[in-house]
Amino acid sequence: MTMDSNKKKTSYWQVSQQNSSDQGGWQEQNTIQAMEHLEEAAKLLRDGFIVAFPTETVYGLGADARNTTAVEAVFEAKGRPSDNPLIVHIANREQLSEFVSEINELSEALMNAYWPGPLTIILPLKPEVLSARVTAGLDTVGVRMPDHPVALQLLALAGCPVAAPSANRSGRPSPTLAEHVQADLDGRIEGIVDGGATGVGVESTVVQADADGTVTILRPGGITEEQLRTVASEVRMDPGLAAGNNEGLIAPRSPGMKYTHYAPKGSLCIVDGDASKVKDYIASRLHEAKEQGEITAVLAFSEHIDQYQADGLFSLGSMERLAEGAHLLYAALRSCDEIGASYILAEACPSEGLGAAIMNRLLKAAGHQIIHVT
Ligand code: TXA
Ligand code: MG
């Protein structure tokens, strides 16, 4: 069989003209036509096909989580290693009892506080409901209820638990626009629901909540450590998250942590340290790289970006509002590829609040290359 005969016809459904992080606009455009589009997309999901859709974090590539053929198609389309389990998405809490065996008090408190929202909770799995491919054979499952009107509507119409990793080719930055999904997956999936730009811009926080009151962060994301502390008496980062530790020194509890992700094609290095020294260092390294014939790019905060000269200047917004950096990060990494950047530097930010998720993704994108200037 040739590659061409495997190519799928990808349907596109526009359900929002909004191209900003403002999701409020969707309600007004909740037209009959948008509903018809979502019915069509939901039917494809129910029939075992795979469809990309917007969430408040990044676009997801959805499949009926009970259908092994559908779930295998997701791994195939993404080129994703099959030992990395998928997050299951639901529209309402009643769906949990279908495939989760037990919910402890702390998990329930987290749901009360942050669902719908960018929080994935690892829960004990009821056997033989979901495809074993979703959980990569684990006896737990990561579940979340996304805070996005299009996602919630689609999930409700589909009526089944929907396994959905980010809708990018494995190793590429996660998609925050339908155009990113199209660039990676056109011809590999049955459809893309276009709801405009996602809001948060980095993936959900993945946590395990133990009966003893401890929340362990397996992947930092849209819900911050500080937010989790308002619910749990103890919150800790999984030791496997520490920089450079994901090569097997500590067995990763969240299998996704061990893969290199989000990497642009050029070489990327993060620069950390005292602000004025970071500025001088980046400016001079960009200059040298340019002289050596590199195509240069910099990811920097708006407070400093004007002081750099590079072929690509990509803003992460204000250092004072790290939500802007989270929102802009993946598109900035993709832009580096679009201009063919071969030499890329990124300013570090403090690992507080959303900064923890930004630094986690930047470090992965950079293969943990970081320079501390003093
Ligand atoms: O924001 C998000 O979470 C996006 C959107 C589409 O919802 N989804 C997403 O899915 O990022 P994915 O498949 O790219 O990431 C799943 C992460 C991986 O790090 C995986 O290892 C972890 O969740 N995970 C899933 N199930 C797990 C389990 N049972 N135990 C531990 N970690 C799990
Ligand atoms: Mg992903």
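Atoms within each ligand, like the ligands themselves, are counted from 1 in listed order.
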Colleague: Under 3.5 Å, is there a donor-acceptor pair between the S302 and R321 side chains?
Modeller: no

Colleague: Keeping Q95 on the side-chain end and A91 on the backbone end, is there a donor-acceptor pair under 3.5 Å?
Modeller: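 A pair under 3.5 Å: yes.
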
Colleague: Taking E56 for its side chain and H148 for its backbone only, find out whether a donor-acceptor pair lies under 3.5 Å.
Modeller: no

Colleague: Please confirm whether R361 makes a cation-pi placement over Y330, using NZ or CZ under 6.0 Å from the six-membered ring centre and within 45° of the ring normal.
Modeller: no

Colleague: Please work out whether any backbone atom (N, CA, C, O) or any side-chain heavy atom from C-beta onward of S166 is under 4.0 Å from ligand 1, and answer side chain, backbone, both or neither.
Modeller: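 Both parts.
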
Colleague: So V143 and L96, do their side chains get closer than 4.5 Å, heavy atoms only?
Modeller: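 A side-chain contact under 4.5 Å exists here.
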
Colleague: Is any side-chain heavy atom of T135 closer than 4.5 Å to a side-chain heavy atom of T140?
Modeller: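 Not touching, per the 4.5 Å side-chain cut-off.
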
Colleague: Using a strict 4.0 Å cut-off to heavy atoms of R144, name the atoms of ligand 1 that fall inside it.
Modeller: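 Atoms satisfying the 4.0 Å criterion: 1 (O), 2 (C), 3 (O), 5 (C), 7 (O).
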
Colleague: What protein N/O/S atoms lie closer than 2.8 Å to the Mg ion (ligand 2)?
Modeller: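 Less than 2.8 Å away from the Mg ion (ligand 2) sit S166 OG.
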
Colleague: Have a look at ligand 1 and work out which part of T57, if any, has a heavy atom under 4.0 Å from it: side chain, backbone, both or neither.
Modeller: side chain

Colleague: Give a yes/no verdict on whether any heavy atom in P146 is under 4.0 Å from an atom of ligand 1.
Modeller: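 So P146 does not count as touching ligand 1.
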
Colleague: Is any N or O atom of Y59, backbone or side chain, closer than 3.5 Å to an N or O atom of ligand 1?
Modeller: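 No.
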
Colleague: Main chain of F49, side chain of D47: is a donor-acceptor contact present, judged purely on distance under 3.5 Å?
Modeller: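 Such a contact is absent between D47 side chain and F49 backbone.
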
Colleague: Considering only heavy atoms of H89, which atoms of ligand 1 have at least one such atom less than 4.0 Å away?
Modeller: 5 (C), 6 (C), 7 (O)

Colleague: Tell me whether D337 contacts the main-chain N or O of P264 through its side chain, where contact means a donor paired with an acceptor under 3.5 Å.
Modeller: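 No.
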
Colleague: Do any N or O atoms from the side chain of Y59 and from the backbone of G195 form a donor-acceptor pair under 3.5 angstrom?
Modeller: yes

Colleague: Please determine if E203 has a nitrogen or oxygen closer than 3.5 Å to a nitrogen or oxygen of ligand 1.
Modeller: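 In fact, backbone or side chain, E203 has no N or O that close.
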
Colleague: I'd like to check whether T55 has a polar contact with ligand 1, where a contact means an N/O of the residue lying under 3.5 Å from an N/O of the ligand.
Modeller: no

Colleague: Tell me, please: is P118 in heavy-atom contact with ligand 1, that is, under 4.0 Å?
Modeller: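 P118: no contact with ligand 1 (<4.0 Å).
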
Colleague: In the single-linkage hydrophobic clustering (I, L, V, M, F, W, Y; side-chain heavy atoms under 4.5 Å), do V100 and I90 co-cluster?
Modeller: yes

Colleague: Can you list the atoms of ligand 1 that are under 4.0 Å from a heavy atom of R80?
Modeller: 12 (P), 13 (O), 14 (O)

Colleague: Sub-3.5 Å donor-acceptor pair from the side chain of T120 to the main-chain atoms of G142, do we have one?
Modeller: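 Not confirmed, T120 side chain does not pair with G142 backbone.
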
Colleague: Any side-chain heavy atom of C269 within less than 4.5 Å of one from I344?
Modeller: no

Colleague: For A164, take its heavy atoms, then give the atoms of ligand 1 lying under 4.0 Å from any of them.
Modeller: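 The list of qualifying atoms is 6 (C), 8 (N), 10 (O).
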
Colleague: Tell me which part of N84 gets within contact of ligand 1: side chain, backbone, both or neither, using heavy atoms under 4.0 Å.
Modeller: side chain

Colleague: Can you list the atoms of ligand 1 that are under 4.0 Å from a heavy atom of G60?
Modeller: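 Taking each heavy atom of G60 in turn, ligand 1 has 6 (C) under 4.0 Å.
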
Colleague: In terms of heavy-atom contacts, does CD of E98 have more than 12 from other residues, nucleotides or ligands at under 6.0 Å?
Modeller: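 Yes, because the 6.0 Å sphere around CD of E98 holds more than 12 heavy atoms from other groups.
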
Colleague: Quick check on side chain to side chain contact (heavy atoms under 4.5 Å, CB included): which of V206, D238, L241 does T216 satisfy it with?
Modeller: D238

Colleague: Counting only heavy atoms, which portion of Q208 has something under 4.0 Å from ligand 1: side chain, backbone, both, or neither?
Modeller: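 Near ligand 1, Q208 shows nothing, with every heavy atom at 4.0 Å or more.
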
Colleague: T135 near ligand 1, heavy-atom distance under 4.0 Å?
Modeller: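 The answer is no, since T135 has no heavy atom less than 4.0 Å from ligand 1.
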
Colleague: Going by the order shown, which atoms of ligand 1 are within less than 4.0 Å of some heavy atom of V206?
Modeller: 23 (O)

Colleague: Number the atoms of ligand 1 from 1 as they appear, then name those within less than 4.0 Å of a heavy atom of L138, with their elements.
Modeller: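 With L138 as reference, the close atoms of ligand 1 come out as 28 (C), 29 (N), 30 (N).
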
